[in-house]
Each structure stands twice: as structure tokens, then as C-alpha cells.
Amino acid sequence: MRRVLWMDNDRTFLWPHVARLENAGYDVARAYTVSEAEELLKSGQKWDVVIIDPMMNVSEKEETVYPPSETDGGLKAGLVFYKRNREEIRRVG
């Protein structure tokens, strides 16, 4: 089974896309926070695809790890997540 890690904090946007992928036989793990995405990415599971929302917001708890100065006021945490984890993401697939 193909495995997808999808990082997006907008559950309403994500739902129809995940439903379509799951109906097509994909196993889709959803990460609604940057912390959840990091945990899943580093869990040792094999991912075939990683989809990242580059404009993802951070929660107040995550600001210590993803400070506003790096994330354009907390609005581009997905982009910072990619930059920090790009080597691991490149090994996907």
C-alpha cells in the first residue's frame, strides 16, 4: 500500500483530498501541526509521498521551536519545516 504524509492545518480543505486518496487505496497520515508532522516523519515509517502546506501556521506551543522570526510571524512554518527536514524528505519514495 502506498503511504502519504499530508501536513496541513486546514481540516476542511484536507478532508476531500484525503478521502479521495483513501478510496483509491492510499494510506494517508494527516498532520495538523508542525509537531505532528515532525513526529510522523521521524517515526521510522516509510512514506511514498510527503505533501506540505508551506503557509501552515504554528501554535503558541510551537513558537519556541519555530520562532516567529523564522516563520514570517508564524505564517510559513511549513516552509521552515521543509528546510529543516529536506534531507529526510528527499529520501522519501
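Index from 1, following the sequence. What you see is a predicted model; the values in this text were computed from it and never measured.
Under the side-chain hydrogen bond (donor to acceptor under 3.5 Å, both in side chains) criterion, T71 pairs with no residue, sequence neighbours left out. In this structure, K61 has no side-chain hydrogen bond (donor to acceptor under 3.5 Å, both in side chains) partners at least two apart in sequence or on a different chain. Take D53 and apply the side-chain contact (heavy atoms from CB on, under 4.5 Å) test, not counting sequence neighbours, and it matches D8, N9, M55, M56. Judged as a side-chain contact (heavy atoms from CB on, under 4.5 Å), and not counting sequence neighbours, the contacts of E38 are Y66, F81, N85. Contacts of E60 classified as side-chain hydrogen bond (donor to acceptor under 3.5 Å, both in side chains), with partners at least two apart in sequence or in another chain: none.
The salt bridge (charged side-chain N to carboxylate O under 4.0 Å, His left out) contacts involving residues 9-24 comprise E22-R30, where partners must be two or more places apart or lie in separate chains. Contacts classified as ring pair (Phe, Tyr, Trp, His ring centres under 6.0 Å) and involving residues 12-36 (residues at least two apart or in different chains) are given here: W6-H17, F13-H17. Within the structure, salt bridge (charged side-chain N to carboxylate O under 4.0 Å, His left out) contacts touching residues 63-82 (residues at least two apart or in different chains) are E70-R84, D72-K76.
For R2 and D48, the salt-bridge test passes: some basic side-chain N is under 4.0 Å from an acidic carboxylate O.
Using a 4.5 Å cut-off on side-chain heavy atoms (C-beta onward), I51 and V4 make contact.
Rounding to the nearest 0.5 angstrom, the gap separating the NZ atom in K83 from the CZ atom in R86 is 7.0 Å. The line from CG of L14 to CG of L21 is 9.5 Å long, rounded to the nearest 0.5 Å. With rounding to the nearest 0.5 angstrom, the CD atom of E88 is 5.5 Å from the NZ atom of K42.
The main-chain N or O of V34 is found under 3.5 Å from a side-chain atom of E62 such that the two form a donor-acceptor pair.
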